[in-house]
Number of protein chains: 2
Amino acid sequence: MKFNIKDVAKKAGVSISTVSRVVNESKVVKSETQQRVMDAIRELGYKPNAIARSLKIKNTKTIGIMIPDISNQFFPEVVRGVEDIANMYKYNIFLCNTDRDRDKELQYFDALEEKQVDGIVLMGNEVAEDLYTKIKLTNIPVVLIGADYIDVPSVSIDHVKAGKAMVKYLIKKGHKHIGLLTGKVTDPAYGVARLEGYKMALEEDGIEFKEELVIEGDLRYKSGYEGAKMLLDLKEPPTAIFAATDEMAIGVLRAAQEMGIKIPEELAIVGFDNLDISEKLFPSLTTVAQPMYELGAIGMRVLTKILNDDALESDKIILNYSIIERETS
Amino acid sequence: MKFNIKDVAKKAGVSISTVSRVVNESKVVKSETQQRVMDAIRELGYKPNAIARSLKIKNTKTIGIMIPDISNQFFPEVVRGVEDIANMYKYNIFLCNTDRDRDKELQYFDALEEKQVDGIVLMGNEVAEDLYTKIKLTNIPVVLIGADYIDVPSVSIDHVKAGKAMVKYLIKKGHKHIGLLTGKVTDPAYGVARLEGYKMALEEDGIEFKEELVIEGDLRYKSGYEGAKMLLDLKEPPTAIFAATDEMAIGVLRAAQEMGIKIPEELAIVGFDNLDISEKLFPSLTTVAQPMYELGAIGMRVLTKILNDDALESDKIILNYSIIERETS
DNA sequence: TTGTATGCGTTATCAC
DNA sequence: GTGATAACGCATACAA
């Protein structure tokens with residue numbers, strides 16, 4: 001039922017080397033024998049065994065992608081970017097959901113190494129000590145997406161600048177009392193960067209920073225919803241809320257709408273990421289767009305360059321963000 | 001920098017068979033030598049080469065999953081289900097986005113075969129002739145998710161019954177003039193099944209079927225939005241719209257809200273799937289829940305059973321749907 | 001309990 | 001142009 005190169009060789013009356021040559025499109029084979037071999041291949045339904053091939057040639061045309069969770073709306077778009085480019089260069093990709101769990105990360109990393117992937121694209125904002133050690137120890141190229149704080153090729157956006165730009169946009173709109181729903185203060189991109197951008201924008205415009213206007217969440221819907229309720233229950237509630245992710249912003253939107261607050265007249269809401277859904281909501285969400293697909297695609301492109309020993313212009317690629325003004329502001 | 005079993009053997013002063021035995025946790029090794037070998041492994045940072053192993057033992061602990069598009073909200077949840085179970089059984093998964101493109105499907109299928117995956121999970125409502133031929137020809141087990149119309153193990157829901165149930169729900173709510181936004185009439189699940197269920201429900205309640213109330217779309221947001229506009233522009237617009245997917249329903253919602261139509265007082269909107277976002281909208285969406293995670297998880301579970309030669313109770317597993325009543329109806 | 005030797009399906013080097 | 005043959009890194013039958 002399943003044939004190998006030997007079977008083909010026998011059937012075509014040639015040696016396995018010749019079969020190998022035609023499979024690998026070597027030019028030296030006489031076109032007549034080539035035809036015979038191709039006939040045999042077709043008749044037997046022969047498929048080369050990529051495992052055997054990989055063992056010999058020491059690459060697998062396979063890469064791994066580690067992300068926190070594919071069911072979080074943010075990541076599918078990135079993965080799609082990776083996959084499209086990977087496919088273009090004939091790579092297959094192993095998908096690994098880590099849930100930001102240290103053990104799972106290490107476990108998957110080991111599995112990817114053992115399966116001899118040619119490269120790994122890594123996503124998730126914090127890279128734990130242990131994982132970083134592994135990255136430095138392995139000879140498998142790793143590229144980081146969405147963050148740039150370790151000594152590894154990466155593609156990301158400038159989160160501080162982006163956050164700051166959004167707050168400045170709000171200020172220009174006349175807001176002086178702006179709530180911030182941020183990520184964990186330990187999360188470099190969605191926690192510290194967002195808060196830093198927020199503070200910088202306020203400071204530049206001489207607006208006082210008020211502790212009670214910033215609430216730490218976990219970037220998900222529920223914490224956006226709950227954070228908004230807290231903010232909106234303040235004696236002096238904000239006139240605008242900046243959520244660290246669109247998902248949180250959707251929670252804010254829902255909370256505000258439940259309370260009968262008019263958007264954007266009584267409350268402006270802005271998010272971060274530009275999820276696919278954000279423009280489909282009513283009212284549609286103002287947000288800072290992260291080029292998610294490009295993050296993935298360019299990340300993978302960088303990886304292919306590394307794998308081809310092509311020169312990289314830079315180890316750290318910074319992509320542009322943009323503020324998308326819609327109906328919630 | 002990269003060591004193999006031979007290096008470990010030398011370092012530990014044993015043969016490669018012994019190293020192989022401790023790596024594979026064979027019980028026969030004397031605990032003293034086992035310790036020596038483990039020390040050598042640790043010191044060298046040895047990682048077994050899964051490719052070589054696979055070549056020898058003829059399985060790869062790898063499966064492939066083919067879906068139309070990971071960036072369509074429906075699939076990440078399914079993939080997550082697959083991955084969780086796969087991970088539990090120590091499988092890694094190749095992610096393949098086919099875009100419902102025939103060529104891509106064939107291409108990926110070939111690639112998965114060549115890479116010797118142990119099994120394939122297939123999703124997407126139509127299985128093209130060519131692909132089906134390949135499935136029947138290969139000896140790699142394939143399980144189908146979300147559809148059950150070919151001679152392959154599958155897990156899905158009863159789409160006709162589910163569609164019918166939703167329409168009956170609408171009728172019980174007092175609606176007699178119900179619009180249907182369906183998928184392509186060639187799509188077994190989202191096209192024909194939805195229409196069939198709709199017709200059955202109407203018929204049972206003696207409601208006349210009106211051609212102009214059903215519009216064929218492509219299951220995506222835009223076609224929901226546009227379909228809704230057409231329906232709502234009718235001289236006698238429907239009092240309820242049943243969209244074949246939540247994504248379409250979100251388009252309907254947006255269209256209605258733009259037109260200032262009160263939901264659900266003036267128009268009920270119901271969808272299908274129960275996407276994560278659907279309960280977060282305002283108003284939240286009434287829909288029939290497809291157990292997406294379970295579809296994936298159980299599909300993968302079936303695959304592991306096949307791979308272990310465990311008995312399958314049934315080749316065709318039908319999961320339950322449920323109607324989730326929320327604010328749009 | 002451990003070691004030797006063979007083969008998994010390829011590619012590539014070297015002859016012819 | 002083509003064919004033997006030796007790796008690739010491992011698991012395992014068999015011997016010791």
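A donor-acceptor pair shorter than 3.5 Å cannot be found between the side chains of A/Thr60 and A/Lys115.
Contacts of A/Val23 with the nucleic acid, taken as non-hydrogen atoms under 4.0 Å apart, are absent. At a threshold of 4.0 angstrom between heavy atoms, the contacts of A/Phe3 with the nucleic acid are absent. Among the protein residues, A/Val28 comes within range of the nucleic acid bases, having at least one heavy atom under 4.0 Å from a base atom. Heavy atoms of B/Ile57 sit under 4.0 angstrom from primed sugar atoms or phosphate atoms, though from no base atom.
In this structure, the CG atom of B/Asn49 is 18 Å from the P atom of C/dC8, given to the nearest Å. Note: CD (A/Gln116) to C1' (D/dC8) measures 11 Å, nearest angstrom. Note: CZ (B/Arg21) to P (D/dA13) measures 10 Å, nearest angstrom. Rounded to an integer number of Å, the gap from A/Gln35 CD to D/dG1 P is 16 Å. For B/Glu114 and C/dT11, the CD to P distance is 11 Å, given to the nearest whole Å. What separates NZ of B/Lys6 from C1' of D/dC10 is a distance of 11 Å, to the nearest Å. Going from atom CG of A/Asn59 over to atom P of C/dA12 covers 10 Å, rounded to whole Å. Between A/Lys10 atom NZ and C/dG9 atom P the separation is 13 Å, expressed in whole Å.
With DNA chain C read from its 5' end, the first of the two nearest nucleotides for B/Val14 and B/Ala52 is the one closest to B/Val14. Checking A/Ile16 against A/Ser31, the closest nucleotide of DNA chain D that is more toward the 5' end is the one next to A/Ser31.
A close approach under 4.0 Å does occur between a side-chain nitrogen or oxygen of B/Thr33 and OP1 or OP2 of C/dT2. Phosphate contact (OP1/OP2 of C/dG9, side-chain N/O of B/Lys58, threshold under 4.0 Å): present. Taking 4.0 angstrom as the limit, B/Asn24 places a side-chain polar atom (N or O) nearer than this to OP1 or OP2 of D/dA11.
Put simply, the side chain of B/Lys56 and the base of C/dG7 share a donor and an acceptor less than 3.5 Å apart. One cannot find a donor-acceptor pair under 3.5 Å joining the base of C/dA12 and the side-chain atoms of A/Ser20.
With respect to the salt-bridge test (charged N to carboxylate O, under 4.0 angstrom), the residues B/Asp69 and B/Arg100 do not qualify. Salt-bridge check for A/Glu43 with A/Lys11: passed, with a basic side-chain N closer than 4.0 Å to an acidic carboxylate O. The residues A/Glu313 and A/Lys305 are annotated as salt-bridged, a charged nitrogen and a carboxylate oxygen being separated by less than 4.0 angstrom. Checked for salt-bridge contact, B/Asp39 and B/Arg42 meet the test: a charged N lies under 4.0 Å from a carboxylate O.
Taking the six-membered ring for Trp and thresholds of 30 and 60 degrees, B/Phe94 and A/Phe94 have nearly parallel ring planes, at less than 30 degrees apart.
The nucleotide whose nearest atom lies closest to any side-chain atom of A/Ser17 is, among C/dT4, C/dT11, C/dA12, C/dA12. Closest approach to the A/Asn4 side chain among D/dG9, D/dA11, C/dT10 is made by C/dT10 (side chain taken as heavy atoms from C-beta onward). Among the nucleotides C/dC8, C/dT11, D/dC10, the one closest to any side-chain atom of A/Arg53 is C/dT11. Listed nucleotides C/dG9, C/dG3, D/dC10 differ in distance to B/Thr18; the shortest reach to its side chain belongs to C/dG3.
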